[in-house]
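These notes concern the structure reproduced below.
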Amino acid sequence: MTMIRTRFAPSPTGYLHIGGARTALYSWLHTRRHGGRFVLRIEDTDRERSTPEAVNAILEGMAWLGLDYDEGPFYQTERYDRYRQHLQTLLDAGQAYYCYCTKDRLERLRTEQQARKEKPRYDGRCRDLDGPPSEEVADEPVIRFRTPLEGHVVVEDAIRGKVQFLNSELDDLVIARGDGSPTYNFTVVVDDLEMGVTDVIRGDDHLNNTPRQIHLYQALGFEPPRFAHVPMILGEDGKRLSKRHGSVSVLQYRDEGYLPEALLNYLVRLGWSHGDQEVFGVDELIQLFDINEVNHSASTFNPSKLQWLNQQHIMRAEPNHIARHLGPFLAERGVDPAEGPALEAVVRTQQERAKTLVEMADNSLFFYRRPEAYEEKAARKNFKEGTAEILEHCQHCFSGLPSWDAESIHGVVTEAAEAFDVKMGKVAQPLRVAVSGSAVSPPIDATLELLGREETVARVGQAAEWVRQNVG
RNA sequence: GUCCCCAUCGUCUAGCUGGCCUAGGACACCACCCUUUCAAGGUGGCGACACGGGUUCGAAUCCCGUUGGGGACGCCA
């Protein structure tokens, strides 16, 4: 049994797409489960659309997700010698030939075939020529692969079983351009061969490329690898997921406050399941994931479920883990956690009440920055006649507490409620608005403990003064 | 147009080795409980086997057809 070797082979024409990330995830999990090797290859033969920025975005996305690779990244543009060698092998064996057709001729051919309601395909004009034809000759000929004309090819797929394609449906695909550079279907075969890839896991939009590639493997004298074509991810309109459906870049989800493990959890469940279990850790997934259990049908991306999973992972994580991911969001808001309560402690109070890190950062600002104003509705509802006396009472009691902890603070609040003959909410809510500026915060005792005695006393006094000046 | 893939609640899914399915779970939505707030949690509700035919004592499950959806048909990947 040879070692399993898989690969992720993105084209650097943009960011790391959600769909690509899911493909990478399935390959990565399959590899890790079986103790294999995960190869990263950058397919950049499209010189016009590939950019270094896109390469960096892909590498950054992979790193953020934690999808580490064992080999590479290999760049296809650095392997042209290898492709040339294999091209020459096919030419020498008569398995490939030069095609002198002009682009104009091919375009006309395609248009005529479509007018006849036929499948557009190369008509084989140069297939058996010894040299250039007498007319309509391209300046630089391309190289085409000599596809068998009869019979069929079977794709054995780990997810779909055997899928059969008639050779008469295929045509002689271009494997090298006029400038000599190879095209995708050729490079992918050569690379997977030379990199010893044993399992190709990719989107099922490539299922129809596979019969051509199997012919190429066989022409080069090799057995094809195992294939698993995983279903697409669709947008809400049922089409392939794209920008018009919202965020589709992995790093965009990072920026919107998602944890990498939450996104991975969501993506793995979009097509794979393990009974009714919904929440998985990455280590757990490595143990459980089985490529043969991936579903056949495409799934629709649903941000609502992803948000819930993010909430589940936030709640279950160690506070220091969340604190590390939260720090950059506070920095973006001009906040230095060193100037206030320990961020880990803040996270502990907020973990059950935020679906994203963006939300958690926004809701935690008041710990580090005195609110400049009170929410109008919250103030109107909770700052009433009599509130100033309650706040000043609490302020005084807070100042005299022997120790500043949640239990002592809770005692002050319940004592004040008794002293003023009101329910606890009539004390807690004004305190909440006073220190946070809003009607929402963690439990008031924990909130005030974190804020500190000095800052609490100052904010409560300030609010009492505001009430005297603005209420009644 | 040709070929390939696919079809269970609004979304993700369990179930597909016929009987255990008056099809279960999660998310979302609605209601109630808990509760100083927001959440979390608990309980309940709403909600699906695309349609037709066949095989069978019996079909979500097997077969055929229709319908609908996705993909490929680039000198992109």
Side-chain angles (χ1 to χ4, degrees), chain A residues 9-13 43-46 48-50 76 99 101 103 106 110 113-121 138 140-144 155 157 159-160 163-166 168-171 173-179 181-185 187-188 203-212 229 231-232 234 236 238-240 266 269-279 295-309 311-312 315 350-355 363 378 382 413-414 417 423-433 436 438-445 447:
Chain A
S11 160
T13 55
E43 301 194 329
D44 56 348
T45 53
D46 186 336
E48 292 181 0
R49 294 167 56 218
S50 302
Q76 287 191 326
C99 174
C101 294
K103 287 184 177 179
L106 295 174
R110 183 193 321 277
Q113 284 167 334
Q114 283 170 325
R116 294 196 296 267
K117 305 293 183 187
E118 289 172 7
K119 184 173 184 173
R121 49 198 295 280
E140 296 171 313
V142 303
I143 302 178
R144 286 186 184 268
V155 176
D157 192 87
I159 294 167
R160 292 157 210 287
V163 189
Q164 180 168 296
F165 296 83
L166 287 177
S168 57
E169 288 288 335
L170 313 173
D171 64 353
L173 80 165
V174 174
I175 55 175
R177 302 175 180 89
D179 65 3
S181 64
T183 61
Y184 166 76
N185 280 296
T187 57
V188 74
D204 67 9
D205 53 334
H206 285 294
L207 180 58
N208 288 311
N209 284 332
T210 312
R212 300 169 188 278
H229 289 90
M232 310 291 299
L234 308 179
E236 281 175 1
K239 305 277 190 218
R240 286 180 79 141
Y266 179 74
R269 281 289 274 116
L270 211 53
W272 173 83
S273 61
H274 188 75
D276 286 337
Q277 183 174 345
E278 301 283 349
V279 186
N295 284 347
H296 294 192
S297 55
S299 308
T300 298
F301 192 94
N302 180 13
S304 172
K305 187 72 175 287
L306 168 59
Q307 201 166 76
W308 175 78
L309 269 171
Q311 180 182 24
Q312 292 300 302
M315 288 195 303
Q350 296 281 34
Q351 264 179 292
E352 280 183 345
R353 30 181 64 79
K355 290 186 192 294
N363 292 345
N382 296 292
V413 174
T414 54
K423 288 182 178 176
M424 190 194 176
K426 295 299 180 183
V427 179
Q429 278 303 86
L431 283 172
R432 176 168 285 113
V433 177
S436 76
S438 84
V440 174
S441 87
I444 198 62
D445 46 9
T447 296

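Note on naming: letters A, B, ... go to the chains in the order of the sequence lines (proteins, then strands), and numbering restarts at 1 for each one.
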Quick check: does any side chain N or O of [X] sit under 3.5 Å from a backbone N or O of [Y], one acting as donor and the other as acceptor?
X        : Y        : value
A:His296 : A:Ile159 : yes
A:Ser436 : A:Val433 : no
A:Tyr266 : A:Phe301 : no
A:Arg160 : A:His229 : yes
A:Thr183 : A:Val174 : yes

Notebook entry, point to check: Strictly by modelled atom types, are A:Ser181 and A:Asp179 linked by a side-chain donor-acceptor pair under 3.5 Å?
Noted result: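 Yes.
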Next item on the list: Could you verify whether a donor N or O on one side chain and an acceptor N or O on the other, from A:Gln113 and A:Arg110, lie under 3.5 Å apart?
Entry: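 Result is no, nothing qualifies.
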Interatomic distance, [X] [atom1] vs [N] [atom2] [rounded to whole Å]:
X        : N      : atom1 : atom2 : result
A:Gln114 : B:rG1  : CD    : P     : 12 Å
A:Gln307 : B:rU11 : CD    : P     : 19 Å
A:Asp445 : B:rU35 : CG    : C1'   : 13 Å
A:Gln429 : B:rU36 : CD    : P     : 11 Å
A:Trp272 : B:rA14 : CH2   : P     : 10 Å
A:Asn295 : B:rA7  : CG    : P     : 9 Å
A:Arg269 : B:rC12 : CZ    : P     : 11 Å
A:Lys423 : B:rU35 : NZ    : C1'   : 12 Å

Notebook entry, point to check: Do other residues, nucleotides or ligands put more than 12 heavy atoms under 6.0 Å from A:Glu48 CD?
Noted result: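 Counting neighbours around CD of A:Glu48, 12 or fewer heavy atoms of other residues, nucleotides or ligands fall under 6.0 Å, so no.
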Check: Has A:Gln277 got more than 12 heavy atoms of other residues, nucleotides or ligands less than 6.0 Å from its CD?
Finding: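 Result for CD/A:Gln277: enclosed.
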Check: Distance from A:Arg49 atom CZ to A:Asp44 atom CG, nearest 0.5 Å?
Finding: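 It comes to 12.5 Å.
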Margin query: With rounding to the nearest 0.5 angstrom, report the CD to CD distance, A:Glu278 to A:Gln312.
Written below: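 Here the rounded value is 9.5 Å.
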Note to self: I need a per-nucleotide contact map over nucleotides 71-77 of chain B, read 5' to 3'. Cutoff is protein heavy atoms under 4.0 Å; write B for the base, S for backbone only, - otherwise.
What the structure shows: BSBSBBB
Strictly under 3.5 Å: I want the nitrogen or oxygen pairs between protein and nucleotides 22-24 of chain B, one per line.
residue : atom : partner  : partner atom : Å
B:rG24  : N2   : A:Asp276 : OD1          : 2.4

[atom1]-based separation of [M] from [N] [nearest Å]:
N      : M      : atom1 : result
B:rA26 : B:rG42 : P     : 9 Å
B:rA59 : B:rG70 : C1'   : 27 Å
B:rU2  : B:rG45 : P     : 50 Å
B:rC63 : B:rU17 : P     : 9 Å
B:rU11 : B:rG19 : C1'   : 31 Å
B:rC49 : B:rU36 : C1'   : 48 Å
B:rG68 : B:rC51 : C1'   : 10 Å
B:rC9  : B:rA48 : C1'   : 4 Å

How close do [X] and [Y] get, counting heavy atoms only, and between which atoms?
X        : Y        : result
A:Leu309 : A:Val279 : CD2-CG2, 3.9 Å
A:Thr187 : A:Gln76  : OG1-NE2, 3.3 Å
A:Pro430 : A:Gly425 : CD-O, 3.6 Å

Just to be sure I understand the rule, does [X] reach a base, reach only the sugar-phosphate, or reach nothing, if contact means heavy atoms closer than 4.0 Å?
X        : value
A:Glu169 : sugar-phosphate
A:Gly271 : sugar-phosphate
A:Leu207 : sugar-phosphate
A:Gln311 : sugar-phosphate
A:Phe165 : sugar-phosphate
A:Ser441 : base
A:Glu48  : nothing

Next item on the list: Decide yes or no, distance alone: a donor-acceptor N/O pair under 3.5 angstrom between the base of B:rC38 and the side-chain of A:Arg353.
Entry: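 Per atom types, the contact qualifies.
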Check: Does the base of B:rG1 carry an N or O that pairs as donor and acceptor with the side chain of A:Gln113 under 3.5 Å?
Finding: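 Counting by modelled atom types and ignoring angles, no donor-acceptor contact under 3.5 Å is found here.
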My understanding is that a pair needs two contacts under 3.5 Å, Watson-Crick or G-U wobble. By that rule, which nucleotide pairs with [N]?
N      : answer
B:rG47 : none
B:rC3  : B:rG71
B:rG10 : B:rC27
B:rU22 : none
B:rC32 : B:rG42

Margin query: On RNA chain B, does the nearest nucleotide to A:Gln164 precede the nearest nucleotide to A:Thr300 from the 5' side, or the other way round? Give the residue.
Written below: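 On the 5' side of the pair lies A:Gln164.
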Checklist line | 5' precedence on RNA chain B between A:Glu352 and A:Phe301 (nearest-nucleotide basis) | finding: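 Mapping each residue to its closest nucleotide by heavy atoms, the 5'-most match is A:Phe301.
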Check: A:Leu270 side chain: which of B:rC12, B:rU37, B:rA14 is closest?
Finding: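 Nearest listed nucleotide: B:rC12.
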Check: Nearest of B:rA40, B:rG1, B:rU11 to any side-chain atom of A:Lys117?
Finding: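 Of the options given, the side chain of A:Lys117 lies nearest B:rG1.
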Margin query: Tell me which one of A:Gln114, A:Arg116, A:Arg121 satisfies side-chain hydrogen bond (donor to acceptor under 3.5 Å, both in side chains) with A:Glu118.
Written below: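 It is A:Arg116, the one option of A:Gln114, A:Arg116, A:Arg121 that forms the side-chain hydrogen bond (donor to acceptor under 3.5 Å, both in side chains) with A:Glu118.
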Between the protein and nucleotides 15-17 of chain B, which nitrogen or oxygen pairs come in under 3.5 angstrom?
none

Notebook entry, point to check: Can you check whether A:His296 has a side-chain N or O nearer than 4.0 Å to OP1 or OP2 of B:rC5?
Noted result: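 Negative; the distance criterion is not met.
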